[in-house]
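Notes for the one structure printed next.
Chain identifiers are assigned alphabetically (A, B, ...) following the order of the sequence lines, protein sequences preceding nucleic acid strands; residue numbering begins at 1 within each chain. Hydrogens, waters and symmetry mates are skipped; everything else that's a heavy atom, side chains included, is used.
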Amino acid sequence: MRFTKGRLAIPELPEVETVRRELEPWLKDRHILGAELIDAVPHVKYANLPNCVGQRIEAVNRRGKFLLLPLDGGDELIIHLGMTGIVTAKKPEKHIRVHLELTDNDTSNHLYFQDTRRFGRFLVVKQGEYKSMPTLHAMGVEPLSDDFTDSVFKAVLQKSSTAIKTYLLSQKPVAGVGNIYADEALWQTKIHPLTPSNKVPAKKIPLLREAIVDILKKSIDAQGTTLNDYRTVNGEVGAYISELKAYGHAGEPCQRCGVILEKSVVGGRGTHSCPYCQKLPKS
DNA sequence: CGCATTTCCTGGTAGC
DNA sequence: TGCTACCAGGAAATGC
């Protein structure tokens with residue numbers, strides 16, 4: 001599969017972090033004056049939305065791919081972009097799910113959440129209470145924090161025999177790794193996507209950890225310098241896309257060994273890997 | 001309980 | 001050209 005013109009940029013950790021940095025100066029310390037649910041959507045994804053009205057946004061934080069906005073009344077606004085979620089002050093023409101009215105101190109007092117494919121979430125919980133959100137509740141360590149060490153990563157990989165690719169996507173071993181970066185990190189470190197997590201060779205665990213960190217950091221840098229408007233679907237190729245070695249390159253020669261890269265399905269997700277470089281460990 | 005599979009949803013696109 | 005069928009994805013729900 002190739003990146004075709006108009007293809008959506010899937011929000012992974014680097015793009016969500018870019019969004020967070022944009023939202024912070026806009027939203028921090030504003031009061032929410034009104035909250036309107038625009039479209040008929042599964043209620044659970046927009047639970048308790050009216051509760052945010054009257055509260056002040058204390059911060060704009062990120063946990064994995066989730067945006068967490070603590071409110072001064074003890075609640076927390078959670079935003080997940082899913083595949084197509086866009087947070088914007090400019091009213092979109094279609095697919096608006098939420099409209100917030102904010103403190104009226106300039107022209108940016110309206111917030112719209114647009115979500116074409118309805119995979120996103122926009123809900124209010126009591127601060128830190130993620131029981132209704134199993135992925136967030138069981139979220140692993142932040143990859144860009146000092147807590148993401150070799151020993152921590154090794155310990156969590158020992159806990160599961162699930163395929164390493166699937167386990168990474170579960171967000172349990174480390175937060176924020178999506179389909180693209182999972183494929184990239186596994187290609188980089190020559191690990192077969194189906195390798196049981198607890199069978200990843202010990203010597204490769206530090207390499208995988210390092211690859212995840214490096215790729216995410218590099219991608220954050222690329223997003224920050226290349227995309228002028230993170231809110232829009234950008235059909236042009238972003239800088240990080242040109243760095244991809246595996247994702248989207250099935251049918252092309254591996255840049256390391258020249259063997260044709262394969263496309264497969266792992267855990268129900270499109271998976272790109274090199275049949276020569278990425279071998280399953282003998283067992 | 002743990003792991004695997006299915007579901008949600010819509011626009012783009014391949015194929016006829 | 002117009003129609004149908006299918007695919008992509010993160011997280012939750014369901015199945016085994």
Side-chain angles (χ1 to χ4, degrees), chain A residues 1-17 19 38-47 62-68 78-87 92-98 113-123 125 129-140 143 156-184 193-199 216 219 232-236 238 240-241 244 246-251 263-272:
Chain A
M1 180 198 67
R2 295 296 304 149
F3 293 98
T4 54
K5 189 168 190 209
R7 182 179 169 78
L8 301 176
I10 308 301
E12 309 239 355
L13 185 149
E15 194 166 3
V16 177
E17 176 59 21
V19 170
I38 304 289
D39 206 343
V41 290
H43 181 261
V44 65
K45 293 183 178 178
Y46 296 86
R62 181 190 55 73
R63 184 81 172 92
K65 303 169 199 165
F66 290 81
L67 291 165
L68 305 178
I78 299 181
I79 304 172
H80 195 292
L81 302 176
M83 279 182 71
T84 54
I86 293 172
V87 180
E93 292 189 7
K94 296 195 287 186
H95 309 306
I96 300 172
R97 309 302 173 201
V98 174
F113 182 62
Q114 179 193 37
D115 185 23
T116 302
R117 295 193 190 177
R118 299 178 188 270
F119 272 32
R121 283 146 220 278
F122 200 113
L123 67 156
V125 301
E129 289 195 7
Y130 306 139
K131 279 172 286 190
S132 65
M133 312 183 74
T135 302
L136 185 54
H137 189 251
M139 185 82 64
V156 73
L157 292 187
Q158 293 308 313
K159 285 200 216 173
S160 176
S161 58
T162 302
I164 183 65
K165 154 116 183 190
T166 306
Y167 197 39
L168 287 172
L169 293 186
S170 78
Q171 309 296 296
K172 288 175 185 169
V174 59
V177 175
N179 202 37
I180 293 173
Y181 298 115
D183 280 5
E184 290 302 300
L194 289 175
T195 307
S197 298
N198 56 7
K199 297 281 175 54
L216 293 177
S219 185
T232 58
V233 173
N234 191 340
E236 298 302 313
Y240 77 97
I241 287 179
L244 297 180
Y247 189 91
H249 290 285
K263 175 97 179 266
S264 62
V265 176
V266 175
R269 290 292 162 260
T271 298
H272 315 71

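If A:M133 and A:V265 are placed on DNA chain C by their nearest nucleotide, the residue sitting closer to the 5' end is A:V265. When each of A:A163 and A:R97 is assigned the nucleotide of DNA chain B with its nearest heavy atom, A:A163 is the one assigned upstream, toward the 5' end.
One atom, CD of A:E12, and another, P of C:dG10, lie 6 Å apart when rounded to the nearest Å. Here B:dC3 presents its C1' atom at 15 Å from CD1 of A:I164, a figure rounded to the nearest Å. Atom P of nucleotide B:dG11 and atom CD of A:E93 are separated by 14 Å, given to the nearest angstrom. In this structure, CE of A:M83 is placed 12 Å from P of B:dG11, rounded to the nearest angstrom. Taking atom CG of A:L81 as the reference point, atom P of B:dC9 lies 19 Å away to the nearest angstrom. Put simply, CD1 on A:I79 is 16 Å from C1' on C:dG10, counting in whole angstrom units. Spacing between atom NZ of A:K65 and atom P of C:dG9 amounts to 11 Å, rounded to whole angstrom units. As a whole-Å value, the separation of A:R269 CZ from B:dT7 P is 13 Å.
In the set C:dA12, B:dC9, C:dA8, the nucleotide with an atom closest to the side chain of A:Y247 is C:dA8. Picking from C:dG10, B:dC9, B:dC3 the nucleotide with the shortest atom distance to the side chain of A:R118 gives B:dC9. In the set B:dC3, B:dC9, C:dG10, B:dC3 carries the atom at the smallest distance from any side-chain atom of A:T162. Checking C:dA11, B:dC3, B:dG11 against every side-chain atom of A:H95, the shortest atom distance belongs to B:dG11.
The main-chain N or O of A:L216 is never found under 3.5 Å from a side-chain atom of A:S219 such that the two would form a donor-acceptor pair. Using modelled atom types, no side-chain atom of A:Q171 and backbone atom of A:T135 make a donor-acceptor pair closer than 3.5 Å. The backbone N or O of A:V87 sits nowhere less than 3.5 Å from a side-chain atom of A:Q114 that would complete a donor-acceptor pair.
In this pair, A:Y247 and A:H272 present their aromatic rings tilted. The plane angle is within the 30 to 60° band.
Residue contacts shown for A:G267 are absent, as no nucleic acid heavy atom lies under 4.0 Å away. Residue-level contact check: A:G178 touches the backbone only, with heavy atoms under 4.0 Å from sugar-phosphate atoms and none from bases. Residue-level contact check: A:Y167 touches neither bases nor backbone, having no heavy atom under 4.0 Å from any strand.
Here the side chains of A:I79 and A:F113 are in contact, with some heavy-atom distance below 4.5 Å.
Taking 4.0 angstrom as the limit, A:K263 places a side-chain polar atom (N or O) nearer than this to OP1 or OP2 of C:dA8. A close approach under 4.0 Å does occur between a side-chain nitrogen or oxygen of A:T135 and OP1 or OP2 of C:dA12. For the pair A:Q171 and C:dG10, the criterion of a side-chain N or O lying under 4.0 Å from OP1 or OP2 is not met.
Rounded to the nearest 0.5 angstrom, A:H80 NE2 and A:M133 CE are separated by 8.0 Å.
Side-chain N/O atoms of A:R121 and base N/O atoms of C:dA11 include no donor-acceptor pair closer than 3.5 Å.
Both thresholds, 5.5 Å between centres and 30° between ring planes, are met by A:F119 relative to the base of C:dG10, so the two rings are stacked.
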